[in-house]
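Input: a single structure, listed below in C-alpha cells.
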Amino acid sequence: MRALIHAFRTWRADRRDLDETDRLIAGARAGTGLDHLLGAVRAPATTGELSGEQAMAAAVAAERRRAAAPAHSIRVRTSRAG
C-alpha cells in the first residue's frame, strides 16, 4: 500500500503517458492485469452495484445542502448614541 501511495505522489503525466492513456481507453491491449481491470471498468454496472445508487445520491445531495447552509446567523449590535 505504501508503494502505491508513493507512486501516486511521485507520478507526473507527460504527453507520452497521456497518449498511452487515450490508447488504453480506446481499447488497446496493455497486459493481462491491466486489461482485466479496464474491462471491468468498461462493463455495465451490475444489479448489486446499482442497488444503493438512489440512496447514495440522496445522501450526497443532503450533505451538500447541509454543508452549503450557514451554520449560524450572527447579529452585530451597533450603538445608536447620537
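- Annotation for Q54: atom CD does not count as buried by contact number, only 12 or fewer foreign heavy atoms lying within 6.0 Å.
- Under the rule for a side-chain hydrogen bond (donor to acceptor under 3.5 Å, both in side chains), E53 has no partner lying at least two apart in sequence or in another chain.
- Listed by chain and number, the residues in a salt bridge (Lys or Arg N to Asp or Glu O under 4.0 Å) with R29 are D35 (sequence neighbours excluded).
- To the nearest 0.5 Å, atom CD of residue E20 and atom CG of residue L18 are 10.5 Å apart.
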